[in-house]
Q: 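Sending over a structure as structure tokens; questions will come in a sec.
Not measured: the values here are computed from a predicted model. We name chains A, B, ... by the order of the sequence lines, and we start the count at 1 in each one.
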Amino acid sequence: MADPDLHLMVGGRRVEAMLRDDSFVFPLVLPCGEMRLMSRASRPSEIGGGADDRLLGFRVRTLTLVCDGRPHAVPLDHPALGDGLHAIEHTGMRWTDGAAALPEALFGELRGPAELHVADLALPLYQAGSTEHAALLARFESLGDNCEFGLVQRAFDAEPIGLLRWASTDAARLVLGLCRRFEGLGDPGFTRLDWSGDPPDYKLVDARYLSLHSWVTERQTDPAREAEMFAAGCARLRLLRRKILADIEGSRRIFVFKASGVDAGIESFHAVHAALRGIGPAPLLCVTRTGAAEKTGTVEALGDGLYLGHIDQFSRAMVSFATWRRICAATVALVDGESIG
Amino acid sequence: MAKRDDKAMNPAEVLAVVVQILESVTARPQPGIGMATPLDMLDGVDSLRLLETVALAEEHFGVQVDTGGLDALATVGDIVRLMQYSGGQGEFP
């Protein structure tokens, strides 16, 4: 396919480009935290494009922020650029790898409505189907504690179905759910439909185990319609319960638990791991925050299919997409290495 | 909607039920749906509404689908076939 699917991810939200004068233009309101310039990516060597074995996304010729009608050029050798970008070419252009970080430091003190202009070139062809990133991220399934990892998967075009992808839980409720094989999940007697959140949507709540988004953001005034939504939501929970149990039993996915707050300790990781093992052999990646820059993006194998990943920050507003991707790639290398071994 | 008494699943009948469920979970009419209609072309259908459709169809037909096939659903016909094969009419391709 020829479409590079160039877009920005800003705080977990996808921003589409407008094409204007050979540039892709993205509307923004600054400050907006870290952004990431996303696109499909392929290796030219795999699509008949020569010997280049690099994973190439989009070749950037110029990067310009227009604020108050004034252009502010961002030099492509800016020291804040690097994550998700290949080395600068002799032509002065720079390829992304499909997920280039655009840190806040690039935009200085600029504030208010702005436009990001990106030029210039996509690959002539991208591999059909899943990109490497999407295929990588689709090997994982979230166990919570919230939707951050689901957003990471979406940013890389991976949309696997999973019970806890759009759910909130914590280690205690997760362990209880796994130990009980989520018994009674989707039973109307244990479930309620809540209208909550900011921005609000309907959520299915089983107080024993989890709270789950429905992504229905329109408040219903008809009780009969709410009853239909509730019945459909309960049926969805029952189906997803069977799916997660089958995925763990069949080791179909690498499960990810994002551990924050009181859950960010080795005891919690071992508790989740033991509960998972009660069902099946699927690998478990626990991800926790680290203050040590050298540990960011690394993964340790703790034995028996338990892995510990380190990330710089957790945030649904400023997701560390590239670090999550590195952690996933490192985990897959360990898991596959152990499988082969 | 009434449950079927027999287990023989005619594709046209299964399709009619699936469309009816799709209209229920999306709370809007879904005209012109055929077996080849891509799921991502349906009005108001995201992955969660799709799961609800499969789950309610399972319960209507009294079958349990192989959950390993859920990630591969691309067309309305895939849901119909999932129901048929889960009802004992061979393996889901």
Side-chain angles (χ1 to χ4, degrees), chain A residues 129-130 134-135 137-141 147 150 153-154 157-163 165-167 185-186 188 201-204 212-218 220-222 224-253, chain B residues 1-4 14 17-30 38-76 78-87 91-92:
Chain A
S130 293
L137 271 291
R139 290 189 59 179
F140 291 81
E141 180 166 336
C147 307
Q153 290 177 308
R154 174 153 295 173
D157 280 337
E159 298 285 358
I161 290 167
L163 172 65
R165 183 170 179 202
W166 303 119
L185 189 68
D201 75 334
Y202 281 98
K203 293 179 182 67
L204 288 162
L212 200 78
H213 284 287
S214 73
W215 299 124
V216 175
T217 56
E218 218 170 284
Q220 306 297 315
T221 53
D222 179 2
R225 175 63 195 143
E226 278 200 348
E228 281 180 355
M229 285 171 49
F230 180 67
C234 287
R236 167 160 53 97
L237 285 176
R238 293 191 289 273
L239 177 60
L240 286 172
R241 169 183 179 260
R242 287 198 347 255
K243 183 175 191 313
I244 193 171
L245 295 176
D247 286 350
I248 298 169
E249 286 166 357
S251 200
R252 291 174 178 163
R253 294 264 173 77
Chain B
M1 71 191 71
K3 286 201 172 192
R4 287 176 55 96
V14 179
V17 171
V18 168
V19 171
Q20 195 178 348
I21 294 172
L22 278 166
E23 291 182 333
S24 169
V25 298
T26 59
R28 65 192 77 181
Q30 300 284 352
L39 293 166
D40 57 8
M41 297 291 286
L42 296 174
D43 188 19
V45 175
D46 56 18
S47 62
L48 300 189
R49 303 295 86 77
L50 172 62
L51 283 172
E52 289 171 357
T53 301
V54 173
L56 290 170
E58 268 192 332
E59 294 181 1
H60 175 88
F61 291 112
V63 300
Q64 286 206 338
V65 304
D66 175 358
T67 57
L70 293 175
D71 283 304
L73 297 176
T75 66
V76 174
D78 288 342
I79 301 178
V80 171
R81 284 184 287 275
L82 193 61
M83 293 302 139
Q84 286 183 278
Y85 292 111
S86 304
E91 297 259 318
F92 184 64

Q: Note each donor-acceptor pair with a separation under 3.5 Å, taking one atom from chain B and one from chain A.
A:
unit_1: B:S24; atom_1: O; unit_2: A:R225; atom_2: NH1; d: 3.0
unit_1: B:V25; atom_1: O; unit_2: A:R225; atom_2: NH2; d: 3.1
unit_1: B:R49; atom_1: NH1; unit_2: A:S214; atom_2: O; d: 3.2
unit_1: B:R49; atom_1: NH2; unit_2: A:S214; atom_2: O; d: 2.9
unit_1: B:E52; atom_1: OE2; unit_2: A:R236; atom_2: NE; d: 2.9
unit_1: B:E52; atom_1: OE2; unit_2: A:R236; atom_2: NH2; d: 3.1
unit_1: B:E58; atom_1: OE1; unit_2: A:R242; atom_2: NH1; d: 3.1
unit_1: B:E58; atom_1: OE2; unit_2: A:R242; atom_2: NH1; d: 3.2
unit_1: B:E58; atom_1: OE2; unit_2: A:R242; atom_2: NH2; d: 2.6
unit_1: B:E59; atom_1: OE1; unit_2: A:R238; atom_2: NH2; d: 3.1
unit_1: B:E59; atom_1: OE2; unit_2: A:R238; atom_2: NE; d: 3.0
unit_1: B:E59; atom_1: OE2; unit_2: A:R238; atom_2: NH2; d: 2.8
unit_1: B:V65; atom_1: O; unit_2: A:R242; atom_2: NH2; d: 2.9
unit_1: B:T67; atom_1: OG1; unit_2: A:R252; atom_2: NH1; d: 3.3
unit_1: B:D71; atom_1: OD1; unit_2: A:I161; atom_2: N; d: 2.9
unit_1: B:D71; atom_1: OD2; unit_2: A:R253; atom_2: NH2; d: 2.6

Q: Heavy atoms only: give me the nearest B:A55-A:A235 pair and the separation to one decimal.
A: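 Shortest heavy-atom contact: CB-O, 3.3 Å.
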Q: For A:L240, is it the side chain, the backbone, both or neither that has a heavy atom under 4.5 Å from a heavy atom of chain B?
A: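 Contact with chain B involves the side chain of A:L240 alone.
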Q: If I compare all heavy atoms of B:L56 with all of A:A232, which pair ends up nearest, and what's the gap?
A: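 Result for this residue pair: CD1-CB, 3.9 Å.
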Q: For the pair B:L48 and A:L212, evaluate side-chain contact (heavy atoms from CB on, under 4.5 Å) and give the outcome as yes or no after the intermediate values.
A: CA-CA 11 Å; B:L48 300 189; A:L212 200 78; over 6 Å; no
